[in-house]
Amino acid sequence: MDSFPLVINFQGDYGMKVMMVDPDTTTIGEVARIAHDELVGVVVKPLPPGTRLVVRRHTDGQPLDDGKTVAAAGLVFLEAVDIVHG
Amino acid sequence: MAKVATRDWYDIARDTNWTPTYVAEDEMFPPQFSDPYGIPLAEWETFDEPYKITFRDYVQSQREKDVGAYSVKSAIARTEFYRKASPGWKSLLQLHFGAVSFTEYGSVSAFARMSRFARAPGMRNMANFGSLDEIRHAQIQMYFAYEFIGESRAFDWAQKAVRTNNWVVISERHCFDDIEHTRDVISAAIMTNFSFEQAFTNLQFVALSADAKKYGDYSFATMLQTIQSDEARHAQIGEPLIEIMLRNGRKAEAQKLIDISFWRIWKQFSVLSGVSMDYYTPLEQRELSFKEFVKEFVGNQFLRNIQALGLEKPWYWDEYFLPDIDVYHHAQQIGIYLYRATEWWDVIAGVSPAERQWLESKYPGWNDTFGQVWDVITENILAGRLERTEPKLLPMMCNMVGFELTGVPGKKWDVRDCQVDYEGRRYHFGHPVDKWIFEQEPKRYKNHMGFIDRIVRGIVPAGPDGVFDYMNMGEADRGNCGENFAWAESYRRAAE
Ligand SMILES: [Fe+2]
Ligand SMILES: [Fe+2]
């Protein structure tokens, strides 16, 4: 169930957002994709073609592996992640 | 019979301290309420209020103020004025009355606690007038708001707001409960009278009243002026208290009270007054930009006052406060527009081509930052994609301020989250100063559930209307675009 909140800091946005995920099935790559779909064209301009999104832990800038689930990546309840252009 | 001059009886009449015999001094004035700083009674008795007034004079001058405020125009004329007002001015009134009225009512009890627990007789005397002042402020604002109740549901919120869990109201309660209602009377008075009233109420009541006059809303302008004249008097409780604290070796404590409260109140006013002045007030009637008002009324005056007392400017002044004047309310304004359905007032974009030009001239770089988000919003409206103007993701909120956790968007993107892990919970702060305040006294703040905390922990009912039910917002209470998106049309015209 999508009951686990992450804090999303998407490049270009004016503030952070909250995304509810299932930590055991949602991957880091999916977090980036959902954030992209929800925020680009809403608060952020379309990204330059070919832009790859990188997800990093906000606290220490540690890049997170796209293929890992949120739980496997070790993110805590309300962990903040940066989603930036790679 | 010859009348005795006020100055010959005033000091004796208000010197109401005595030595209790039925109870111990500490039972009558418990230190945790009256004075946790252990300052001797003889010192408190030197409290000398700069502004002296007798009850007879007080009643007479308050009566004159009320006559002036209530009779500028008849109720019918005020309603007529409201009907003809621009959408921006309507929104400004809706926001003001919903956000301000209940904090005035709250201040009644803050002063009443001073009257009961202060050990300085002069302070108790002034605080009595303070309570009466705040009763008047609550009444006059609710009265004026009530006149417009047939015009918009938003004016219900003058009465209703405080009893709801609307996120804006939760933020206000967190701030004003902290500085006015949950500390001993000395700390609360320094925070309320000095930081809040002396530094900031000028913004909402003098600066806004200048805009109101220019706009031709004389009754609102007069009401604001009469309120501010009371504030200017009872705000003076703060200075003698600080002098007594300093004389008794409590400078560090006084400084910290000011550093905490100045920042907390700044965040509230930045949103309330900043958005009203730079976005809602019609362009032609803007007296000064919010930044110019803050620099003049808050920056210069507050610094002069604080330095005259022998205190320092808050530690974050140059590094954090001055830069925040340029950004915070612009970021908040975007969120307020996007999440408009969660607010009781109709929101105003305030970003037509002419308004953007003004914003860029007052805040150089606005187009490359905040303007980048407005470009996206504008395009969506012009293309008829209104559903894209309301984000589906919830905003993250600061655990101290209770507003959105924001920074600078666009080409100079810089949004940071300051975190604290405390007793197994992660707290998020929008600014290093908010984090610093939490760290000064984690026990005070740790159990508070902000609006987003309540959602992610399942306290707010699920489902599409859960958030609205939780905030007591039926459909008619939810804010819309106050101009029904017509502002964006000016871009189409500009393109043609
Ligand atoms: Fe007041
Ligand atoms: Fe006041």
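Below, chains carry the letters A, B, ... as their sequence lines are ordered, and counting in each starts from 1.
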Worksheet item: Just wondering, do A/V84 and B/W413 contact through their side chains at under 4.5 Å, heavy atoms?
Response: yes
Item to complete: Would you mind checking which part of B/H330 comes under 4.5 Å of any heavy atom in chain A, side chain (CB onward), backbone (N, CA, C, O), both or neither?
Response: neither
Worksheet item: Checking heavy atoms, do the side chain of B/V408, its backbone, both or neither come under 4.5 Å from chain A?
Response: backbone
Fill in: Which atoms of A/V76 approach chain B - backbone, side chain, both or neither, heavy atom under 4.5 Å
side chain
Discussion item. I need the single residue from B/R388, B/E390, B/K392 that forms a side-chain contact (heavy atoms from CB on, under 4.5 Å) with A/V42. Which is it?
Written reply: B/R388
Response to the item:
Minimal heavy-atom distance between B/P409 and A/G12, with the atoms involved, is CB-O, 3.3 Å
Worksheet item: In terms of heavy-atom pairs under 4.5 Å, which option from A/N9, A/I34, A/V43, A/D82 contacts chain B the most?
Response: A/N9
Fill in: chain A contact via B/D421 - which portion, at a heavy-atom distance below 4.5 Å
neither
Fill in: Among the listed options B/T389, B/I377, B/D414, B/D375, the residue most often paired with chain A at heavy-atom distances under 4.5 Å
B/D375
Practice prompt. Compare all side-chain heavy atoms of A/L39 with those of B/L393 and state whether any distance is below 4.5 angstrom.
Written response: yes
Fill in: Neighbour count >12 (heavy atoms, 6.0 Å) for atom NZ, B/K291
yes
Item to complete: Check the side chains of B/Q372 and A/Y14 for a donor-acceptor pair under 3.5 angstrom, ignoring hydrogens and angles.
Response: no
Response to the item:
If one checks every heavy atom of B/L405 against chain A at 4.5 Å, the contacting part turns out to be both
Response to the item:
Pair count under 4.5 Å, heavy atoms only, with chain B: among A/M19, A/E79, A/K17, A/E38, highest is A/K17
Worksheet item: Side chain, backbone, both or neither: which part of B/D417 has a heavy atom under 4.5 Å from chain A?
Response: both
Practice prompt. Would you mind checking which part of B/L338 comes under 4.5 Å of any heavy atom in chain A, side chain (CB onward), backbone (N, CA, C, O), both or neither?
Written response: side chain
Fill in: B/E489 atom CD, neighbour heavy-atom count above 12 within 6.0 Å
yes
Worksheet item: In terms of heavy-atom pairs under 4.5 Å, which option from B/T406, B/V373, B/V456 contacts chain A the most?
Response: B/V456
Discussion item. Can you confirm whether A/D13 sits close enough to B/V415 that some side-chain heavy atom of one is under 4.5 Å from a side-chain heavy atom of the other?
Written reply: no
Worksheet item: Tell me, do A/M20 and B/I455 make a side-chain contact under 4.5 Å, heavy atoms counted?
Response: no
Worksheet item: Nearest 0.5 Å, what's the CD1-CG distance between B/I452 and A/L78?
Response: 9.0 Å
Discussion item. Is A/M16 in contact with chain B via its backbone, its side chain, both, or neither, using a 4.5 Å heavy-atom distance?
Written reply: both
